[in-house]
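What follows is a single structure, written as structure tokens, with notes after it.
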Amino acid sequence: MLAGARAASISQSELENHDVIKERVLHGLLFASACVAVLGLVLIFAFVAVRGVPIFAKAGVVQMLSSTDWSPMDGRFGILSFIVGSFAVTVGALLLGAPLAVGAAIFLSEIASPRVRSIVKPAVELLAGIPSVVYGFFGVIVVVPQVRALLGGSGFGLVSGCIVLAVMIVPTIAAISEDAISSVPRGFREGSAAMGATQWQTIKNVVLPAARTGIVDAVVLGMGRAVGETMAVLMVLGNAPVIPRGPSDPASTLTSIIILDMPYASGDHQTALFGIGLVLLLLSMSFVAAIRILSRSRKAR
Amino acid sequence: MNGDTFKINVEHLDFHYGDFFALEDISVGIRQYATTAFIGPSGCGKSTFLRCLNRMNDLIPETKVEGKITLDGNDIYAPDVDTASLRRRVGMIFQAPNPFPMSIYDNVAYGPRIHGTTNKAQLDEIVEKSLTRAALWKEVSGKLNTSGLALSGGQQQRLCIARVIAVDPEVLLMDEPCSAIDPTSIQKIEDLMDELKSKYTIVIVTHNMQQAARVSDWTAFFLAEHADRPAKLIEYDKTDTMFTNPSDKRTEDYITGRFG
């Protein structure tokens, strides 16, 4: 009995040795994967910075960021209108799209019958895979004429851009929020219901707070898609390098000016486009930071 | 007061999960200010039956209830019944403790808040009173702002009891409330049940027969004799009688541990 136990414990320790090595190798591999992801980010950032920073040294950071005069051929590199454009369409798209998407996610996970859910959810996910140029077509054919009829002007401008982007980010935000909401344990819902809470009280007070982190992640990803989106925005925005005076005036974004000028830019002009890329990266990062800080302070309250 | 008033009366209840016929022809009267235990082997439908009493099964799609259940004589499955108001009167404790991911205070204040109490002093009083009644106040009074999830399993379950008591229900349904917690906490919860019975009507599902014998005044025995047949109520009587002199052979076999 005792000897048997000892033999068992020896083979047990051998087994553990073997397991420990396997564990270490696995840790190493996973660490390496994480490094590659981070390294990619660092390299891209460094590359864009190296190529773009010289223009800030040459034209002046303040000058570039505060001027709207974009005449690269004449050596004037004011990019404020693009920053405003990107900022405006992203914020507009989020304001329109995020509530819609979270609403859709709540409907899908809390209210829809299994049958409705089994049809609508794949449809929403499919929507996330549609190429952005197709959304651009939709914008040009459907949204722009409606905006023109309602607000006057050409219809190509901020409002159309926000609407098209909002439609584009809804599936991303909805699909990820829906996962977050569905993974809230059923016990929370039942516990709340068992105290006489209505379904809406349960959703508002228990389910949404419990799914908060996941919903914030979803909004961050949607935001990332909005701020970086180029093609669809390019097609409906009108692309004038000015700060739009009104909601249906043409505008440009950081992404749209890069794609429009890149094919022929050279010298300082090209460097300036890299500079714009750098600003885009920083803008995108500050959006992520802003959303995180906003959601954290709301939790604290 | 009157030990023989039926607080809840169930007549000829059938229950289906989709195509599965789970409960057949259950009739039982639950007495006020007493503790009634439902016993039976796992999967015999006693939890399902318990969840019919506050319409918790409504939350599960494709379930069907037939028959009649009354609370103080009123049909709880009548079309005009508001399930939220019903569940406020018939609270429930679940098998796995399920405190919300919020502070201990907010957990207990949750119910009163959704029912419209916003006054801070009033909430403070309810929280203290409920935690005291659930025998948890001494352990948590200094840390009401810490997360309810930071408590031990047994403490979490008492927090859930406090949370339900805070909305002042008339009936407490307990679905195997002690199956996931440590023995010391079980002792506390059983003592608690004994105390709560003077003010509430308690129904407990348990597959621990000693527990049923300890805490209950009345016991109902459920059994599905074949896996594909619905469960039925085999015997329902005073707990003392059930455990000393059951009238049905199957009850006797189960209680003496011959199956289940």
Side-chain angles (χ1 to χ4, degrees), chain A residues 102 104-122 177-218 292 295-301, chain B residues 18 47 50-51 53-62 82-103 106-116 130 148-149 156-157 159-175 180:
Chain A
V102 175
I106 294 171
F107 172 76
L108 278 179
S109 60
E110 300 296 306
I111 297 161
S113 69
R115 227 174 64 86
V116 171
R117 190 183 136 98
S118 72
I119 297 167
V120 177
K121 193 168 187 215
S177 300
E178 202 269 342
D179 286 343
I181 295 170
S182 301
S183 62
V184 171
R186 202 177 79 181
F188 290 172
R189 295 180 179 85
E190 292 192 333
S192 175
M195 279 179 281
T198 61
Q199 190 179 22
W200 173 242
Q201 285 170 331
T202 300
I203 291 171
K204 180 170 135 275
N205 298 312
V206 178
V207 177
L208 289 183
R212 218 187 87 259
T213 320
I215 294 172
V216 170
D217 285 343
R292 298 265 177 224
S295 76
R296 205 167 302 157
S297 66
R298 285 189 65 173
K299 187 191 184 185
R301 198 182 58 191
Chain B
S47 290
L50 189 74
R51 292 166 61 95
L53 304 182
N54 66 345
R55 295 187 57 173
M56 202 50 110
N57 287 324
D58 288 17
L59 301 183
I60 301 170
E62 297 180 19
D82 170 26
T83 51
S85 327
L86 167 70
R87 293 185 193 125
R88 187 183 177 176
R89 296 174 63 195
V90 186
M92 188 165 212
I93 309 291
F94 299 85
Q95 181 172 2
N98 56 353
F100 302 134
M102 48 180 88
S103 72
D106 287 341
N107 260 285
V108 183
Y110 178 86
R113 276 183 180 141
I114 58 172
H115 296 305
S130 308
L149 298 174
Q156 286 188 10
Q157 194 63 299
L159 176 60
C160 292
I161 294 175
R163 195 171 68 175
V164 168
I165 291 176
V167 299
D168 208 20
E170 297 156 36
V171 181
L172 275 183
L173 307 179
M174 307 178 106
D175 189 0

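Every chain is numbered from 1, with letters handed out A, B, ... down the list of sequences. As the structure is a computational prediction, the values presented were derived from the model and not from experiment. Note that these values count all heavy atoms, side chains included, but never hydrogens, waters or copies made by symmetry.
No part of B:P169 comes within reach of chain A, as not one of its non-hydrogen atoms sits under 4.5 angstrom from that chain. With a 4.5 angstrom heavy-atom cutoff, A:S192 touches chain B via backbone and side-chain atoms both. Heavy-atom distances place the backbone of B:P99, and not its side chain, under 4.5 Å from chain A.
Within the 4.5 Å cutoff, side-chain heavy atoms of A:M195 are placed close to those of B:R163. For the pair A:N205 and B:F100, the minimum side-chain heavy-atom distance is 4.5 Å or more.
Remark: B:R88 CZ to A:T198 OG1 distance equals 12.0 Å, nearest 0.5 Å. Taking CZ from A:R189 and CG from B:N98, the interatomic distance works out to 12.0 Å, rounded to the nearest 0.5 Å.
Closest of all the heavy-atom pairs between B:M92 and A:A194 is CB-CB, 3.7 Å. Shown here for A:Q201 and B:Y110, the closest heavy-atom pair between the two residues is O-OH, 3.7 Å.
Against chain B, the residues from residues 180-187 of chain A that qualify, each with a non-hydrogen atom under 4.5 angstrom away, are A:R186, A:G187 in number order.
Contact count versus chain A (heavy atoms, under 4.5 Å) is highest, among B:L173, B:I114, B:V167, for B:I114. Among the candidates B:A96, B:P101, B:P61, the residue making the largest number of heavy-atom pairs closer than 4.5 Å to chain A is B:P101.
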